[in-house]
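Naming convention: chains lettered A, B, ... in sequence-line order (proteins, then strands); numbering from 1 in each chain.
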2 protein chains.
Amino acid sequence: MLSKKTKYGLKALTFLASQKGRAPVQISEIAKHENISQKFLESILLTLRKTGLLGSKKGKGGGYYLIKEPKDIPMTTVMRVLEGPIAMVPCVSLNFYEKCEDCPDEASCSVHKLMLQVRDSTLEVFRNNTLADLVP
Amino acid sequence: MLSKKTKYGLKALTFLASQKGRAPVQISEIAKHENISQKFLESILLTLRKTGLLGSKKGKGGGYYLIKEPKDIPMTTVMRVLEGPIAMVPCVSLNFYEKCEDCPDEASCSVHKLMLQVRDSTLEVFRNNTLADLVP
DNA sequence: TTATTACCCTATCGATTTAATAGAGTAAGC
DNA sequence: GCTTACTCTATTAAATCGATAGGGTAATAA
């Protein structure tokens with residue numbers, strides 16, 4: 001299940017991408033437009049800024065803005081920052097790999113085999129979509 | 001993230017499918033072979049039986065067994081029983097649809113658009129795999 | 001018929017995660 | 001120098017997960 005954090009983050013990014021200019025947008029405006037708790041959104045935007053997806057400007061007329069062009073922001077990046085691993089099990093994760101403590105042999109594990117296919121197909125979707133593709 | 005319930009369920013089903021005959025297999029044997037807490041596995045197998053995927057036999061020589069041929073058990077069925085919705089958000093779920101309380105219009109929702117693609121590609125994987133495909 | 005075996009069911013529990021809230025701090029701009 | 005708006009820390013309630021305990025019930029073999 002997609003977390004609200006990711007959902008809100010995607011909506012906020014899409015909203016920023018839909019703004020023609022790159023003028024900073026206030027948190028309050030994004031929160032209001034997307035029906036999101038402002039305080040919760042604050043922490044999400046902060047995460048996105050720390051990861052380098054967003055920039056921020058303080059003071060009057062400040063707010064958040066996209067650093068890169070929407071078409072240069074792949075969904076793989078966004079999803080990994082917001083949601084974490086794309087794979088459904090750590091043992092098939094590219095960026096967050098972990099061995100299962102049960103399961104003596106990955107090669108012969110039925111779950112591994114199936115989840116590898118799911119990861120690949122999901123990854124393909126995220127690779128084929130940039131932030132620009134999400135804007136209506 | 002895949003729940004342990006689903007993971008264990010898949011392993012148990014695969015183990016049953018790998019048995020040549022259709023003689024009942026005891027819970028304890030499955031639990032031991034797959035490194036699963038026996039009590040936890042009990043509840044999972046019970047779910048699978050209630051859904052019609054497994055049959056059980058009581059008393060001495062009893063246990064669980066597959067009702068259908070592994071090749072006739074699609075992963076879509078198994079995953080929906082064990083994990084629930086295949087979609088990452090309820091608003092793109094085929095079998096567990098729910099409207100988002102935020103989000104006034106699905107057609108123009110960026111999250112909806114993206115998650116629809118993810119659902120379709122994941123669904124295709126599960127449709128192309130039966131239990132028979134998971135057996136090593 | 002009786003004892004055994006193994007399925008069946010309910011309840012509980014700690015740990016973790018999630019979503020949200022509160023409140024204070026800090027930097028930029030007019 | 002005051003307002004504005006981002007930044008950070010801490011706390012919380014609720015939900016979920018994984019696991020465990022313990023007893024009940026039904027079917028089978030002897």
Open item on the list: Treating A:S93 as the side-chain partner and A:P90 as the backbone partner, does any N or O pair qualify as donor plus acceptor under 3.5 Å?
Closed with: no

Open item on the list: Quick check on D:dA19: is either OP1 or OP2 less than 4.0 Å from any side-chain nitrogen or oxygen of B:Y8?
Closed with: yes

TODO: Confirm from the modelled atom types if B:K39 and D:dG18 form a donor-acceptor pair under 3.5 Å, side chain to base only.
DONE: no

- [ ] Specify the separation, in whole Å, of atom CD of A:E42 and atom P of C:dG23.
- [x] 14 Å

Task: hydrophobic_cluster_shared for A:F15 and A:F40, side chain cutoff 4.5 Å - done: yes

Task: Under 4.0 angstrom between A:K50 side-chain N/O and D:dC8 OP1 or OP2 - done: yes

Task: Atom-to-atom span, CD of B:Q38 to C1' of C:dT5 - whole angstrom - done: 12 Å

Open item on the list: From the set C:dA28, C:dA19, C:dC7, return the single nucleotide nearest to any side-chain atom of A:S3.
Closed with: C:dA19

TODO: Give the rounded distance in Å between these two atoms: NZ of B:K4 and C1' of D:dT20.
DONE: 15 Å

Open item on the list: Between A:Y65 and D:dC6, is there a contact of a side-chain N or O with OP1 or OP2 at under 4.0 Å?
Closed with: no

TODO: Only one of A:L82, A:V81, A:T77 passes side chain to side chain contact (heavy atoms under 4.5 Å, CB included) with A:T51; say which it is.
DONE: A:V81

Open item on the list: Using whole Å, what does the distance between atom P of nucleotide D:dA5 and atom NZ of A:K57 come to?
Closed with: 12 Å

TODO: Write down the distance between CD (A:E83) and C1' (C:dA19), rounded to a whole number of angstrom.
DONE: 14 Å

Task: Selection from C:dA28, D:dA19, D:dC8 that lies nearest to any side-chain heavy atom of A:R49 - done: D:dC8

TODO: Specify the separation, in whole Å, of atom CD of B:E29 and atom P of C:dC7.
DONE: 11 Å

Show every donor-acceptor pair shorter than 3.5 Å between a side-chain atom in residues 114-136 of chain B and any protein atom, with sequence neighbours excluded, or say none if there are none.
residue, atom, partner, partner atom, Å
B:Q117, OE1, A:N129, ND2, 2.9
B:Q117, NE2, A:N129, OD1, 3.4
B:R119, NH1, B:V92, O, 2.9
B:S121, OG, B:V118, O, 3.1
B:T122, OG1, B:V118, O, 2.8
B:N128, ND2, B:E124, O, 3.2
B:N129, OD1, A:Q117, NE2, 3.4
B:N129, ND2, A:Q117, OE1, 2.9
B:N129, ND2, B:V125, O, 2.9
B:T130, OG1, B:A132, N, 3.2
B:T130, OG1, B:D133, OD2, 3.3
B:D133, OD2, B:T130, N, 2.7

Task: Separation of atom CE in A:M1 from atom C1' in D:dC17, rounded to whole Å - done: 15 Å

TODO: Choose from D:dT7, C:dC9, C:dT5 the nucleotide whose nearest atom is closest to any side-chain atom of A:S56.
DONE: D:dT7

Open item on the list: Please classify the nucleic acid contact of A:L45 as base, sugar-phosphate, or nothing, using heavy-atom distances under 4.0 Å.
Closed with: nothing

Open item on the list: For C:dC7, does the base pair up with any side-chain atom of B:Q26 as donor and acceptor (N or O, under 3.5 Å, distance only)?
Closed with: no

- [ ] Find which nucleotide of DNA chain C each of B:L46 and A:F40 is nearest to by heavy atoms, and output the residue with the more 5' nucleotide.
- [x] B:L46

TODO: Give A:K7 one of three labels, base, sugar-phosphate or nothing, depending on what nucleic acid heavy atoms sit under 4.0 Å from its own.
DONE: nothing

Task: Closest non-hydrogen atom pair between B:V25 and B:E29, with its separation - done: CG1-OE1, 3.6 Å

Task: Integer-rounded Å distance: D:dA15 P and A:K5 NZ - done: 21 Å

Open item on the list: D:dT20, OP1 or OP2 - any side-chain N/O from B:S37 closer than 4.0 Å?
Closed with: yes

